[in-house]
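Since the model is a prediction, treat every value here as computed from it, not as a measurement. Position 1 is the first residue of the sequence, and the numbers go up from there.
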Amino acid sequence: MSGVEGPLRPKRKKVLVEYLVQFRWIVVIFVVLPVSCFFYFKLFLGHVRSAMKSDERRREEHEENVLKVIRRLRQRDPTKDGLVCTARKPYIAVGMRNVDYKRARHFEVDLSAFRNILEIDKERMIAKVEPLVNMGQITRATIPMNLSLAVVAELDDLTVGGLINGYGIEGSSHLYGLFSDTIVAMEVVLGDGRLVRCTKDNEHSDLFYGIPWSQGTLGLMVSAEIKLIPVREYMKVTYTPHRGTLKELAQAYADSFAPRDGDSSRVPDFVETMIYTPTEAVCMTGKYASEAEAKKKGNVINSVGWWFKPWFYQHAQTALQRGEFVEYIPTREYHHRHTRSLYWEGKLILPCADQWWFRWFLGWLMPPKVSLLKATQGEAIRKYYHDMHVIQDLLIPLYKVADALEFCHRETELYPVWLCPHRLFKLPLKTMVHPETGFEDHHRQGDTSFAQMFTDVGLYYSPGPVLRGEEFDGAEVVRKLEEWMIQNHGFQAQYSVSELTEKNFWRMFDASHYEHCRRKYGAVGTFMNVYYKSKKGKKTEKEVQDAEAEAAIVEADHAEED
């Protein structure tokens, strides 16, 4: 037994929207999947055309497009044009939260042309890319060179700009930190049209540290230089099953990548754990391996990327019956192992999609584009998902994972749960997301003198009470999760549906450096505050007016200082 029991809940009455959700697979199969396939193919062709251009031509196009952004920003009249945002459609985002702030008065800047890989510098081990380059595009270019971004988010559709301005993690984050920690430099167009290049140690270093988690509210990023690492052709993956209480599973997870004896030779290149029930989990560790090693007699090669293959999370679950086993996965396919099934959300979207017959005949159409799922769901279904579905990433210190698992079990009874560790580095200044004060004095498992080990506890599914037809208050549960994170120095991924009030948002995230950057770089009155951009619900004209009033106050303060 897990040692943790969830509360008893009464049965709920079924409403019409539940039938719409139940039979939504019809729309997904006959509309969303074919249209998604068309868009993926069109996007792929665009990537091919981009790769065929010369480096010089890509640089020229980049410079031309940057000038267009600068000219567009300089056309803005702050007294009547509203706040600056991109021209991307409100539903085009990978996450449950719709981009509702665009329903208020706003001034659009088109960044849709920024889709090129500008340079792959093997000497400096840097990839310079534009913000709409996605993970699938960049692994397609780098893996054949035996190179990779230090952190590659699993889903193909995730873009560089979103991962820097928001949040990105991968199984290598226990070594390299979050995606934003692997950035070497950024080009940013400020609200007044100035183009600046920021690095860790130039005159714009404060902006460099301010942009992660800012959701594009400090400026418009037009390129980024990202750290590359050498890789091999295959990932040697070891699947290790564990059984026990949630505390015991949490300890097995920590031991899989942070040996208590401090032996760094046993730290894997990649790590993740999936908890399938309150008493069962599978820890996966990966080490890069050469093609020659993978093809040695007796070794098993598993190309998990083929459309007819079992979904990765279900394949990993077989370790609970088979016992520990080892196999070799082509590196690029391993990077994108959760794409086809959208982790395990695909099972809710299409209940039959994990069956062998569906995979063989229609699996090549997977996954559906998240943006099209949102565009076709309607307001009633959208509200139902907000209330009866959990999409949350809880970033918490490693030593609190057991407590987090027990708390999440009591409140949601949601499984599988994804665990992925990441370093949170001690920086020269205090950013929105930061380690605990004095963490280095405690010498806890996984911590070093320069970084505290955190974990992403990923909750992506319908909670147990919903699946059993019981009453469930999703908004209240999210509020409890958020308060628990605040009390335990945790952070919420901002793409999630949030119930945070403005006061609680700034209890969770540190505002000091962010507000410094907003004032110094002219973002106040030009870009919406990150809280209002992230919060649930429609953004109103009043919030636009409040932002403009905020700008007037700041200008008056500067005048008094002068």
Side-chain angles (χ1 to χ4, degrees), residues 93-101 153 155 158 162-170 173 177-181 211-217 343 345 385-387 389-398 400-401 403-412 414 417-424 430-436 452-461 463 473-511 513-514 528-537 539:
V94 180
M96 283 291 290
R97 178 176 58 85
N98 270 30
V99 189
D100 285 325
Y101 63 88
L155 303 184
L158 297 171
L163 293 168
I164 295 173
N165 280 285
Y167 158 73
I169 191 173
E170 163 60 307
S173 289
L178 298 177
F179 189 88
S180 54
D181 293 315
I211 283 179
W213 294 81
S214 69
Q215 297 288 317
T217 61
Y343 287 88
E345 284 285 292
Y385 280 140
H386 284 183
D387 293 339
H389 194 182
V390 176
I391 297 282
Q392 295 286 335
D393 283 284
L394 288 63
L395 280 65
I396 56 170
L398 174 62
K400 294 187 176 181
V401 167
D403 294 338
L405 291 176
E406 292 181 346
F407 183 85
C408 292
H409 177 80
R410 282 194 298 269
E411 295 299 330
T412 70
L414 182 153
V417 175
W418 188 60
L419 299 181
C420 186
H422 68 90
R423 276 177 167 160
L424 201 55
K430 195 173 185 182
T431 56
M432 285 179 65
V433 173
H434 51 87
E436 291 178 297
Q452 184 176 12
M453 192 64 74
F454 269 59
T455 284
D456 181 330
V457 178
L459 305 175
Y460 327 121
Y461 210 64
D473 187 341
E476 180 59 25
V477 166
V478 169
R479 280 191 283 271
K480 289 180 180 179
L481 288 174
E482 290 166 342
E483 183 59 32
W484 190 93
M485 282 186 273
I486 291 170
Q487 296 294 333
N488 289 275
H489 196 82
F491 305 98
Q492 179 184 46
Q494 292 164 344
Y495 78 87
S496 308
V497 176
S498 174
E499 299 290 337
L500 288 169
T501 63
E502 186 170 10
K503 178 181 177 181
N504 284 340
F505 184 89
W506 294 119
R507 287 174 64 209
M508 181 180 289
F509 300 101
D510 191 275
H513 184 67
Y514 172 73
M528 183 170 280
N529 180 286
V530 66
Y531 167 71
Y532 287 105
K533 191 169 183 179
S534 303
K535 85 180 186 76
K536 176 182 174 182
K539 306 329 184 256

Sequence neighbours excluded, the answer for ring pair (Phe, Tyr, Trp, His ring centres under 6.0 Å) partners of Y343 is H338, W418, Y460

Rounding to 0.5 Å, atoms CZ (F509) and CG (L500) come to a distance of 7.0 Å

Side chain to side chain donor-acceptor pair (under 3.5 Å) involving E502 - partner list, sequence neighbours excluded: Y532

Can you measure from CD (E406) to CD (E411) and round to the nearest 0.5 angstrom? 12.5 Å

In chain order, what residues pass the ring pair (Phe, Tyr, Trp, His ring centres under 6.0 Å) check against Y167, with sequence neighbours excluded? W213

Mind jotting down which residue pairs meet the salt bridge (charged side-chain N to carboxylate O under 4.0 Å, His left out) criterion with at least one end in residues 481-495? Sequence neighbours excluded, please. E483-R507

Excluding sequence neighbours, so at least two apart, what forms side chain to side chain donor-acceptor pair (under 3.5 Å) with S173? none

Quick one: list whatever passes side chain to side chain donor-acceptor pair (under 3.5 Å) with D473, sequence neighbours left out. none

Using distance alone, with no hydrogens and no angle criterion, decide if H422 and Q452 have a side-chain donor and acceptor under 3.5 Å apart. no

Do T412 and Y461 pair up side chain to side chain, a donor and an acceptor below 3.5 Å, judged on atom types alone? no

Does H513 have any ring pair (Phe, Tyr, Trp, His ring centres under 6.0 Å) partners at least two apart in sequence or in another chain, and if so, which? H516

Partners passing side-chain contact (heavy atoms from CB on, under 4.5 Å) against S180 (at least two apart in sequence or in another chain): L178, P212

Which value, rounded to the nearest 0.5 Å, describes the distance between N529 atom CG and T217 atom OG1? 6.5 Å

Report the C-alpha distance between L394 and Q492 in whole Å, list the side-chain angles of each, state the deciding distance to 0.1 Å, and finish with yes or no for side chain to side chain contact (heavy atoms under 4.5 Å, CB included). CA-CA 5 Å; L394 288 63; Q492 179 184 46; over 6 Å; no

With sequence neighbours excluded, residues passing side-chain contact (heavy atoms from CB on, under 4.5 Å) with H434: K430, H489, D510

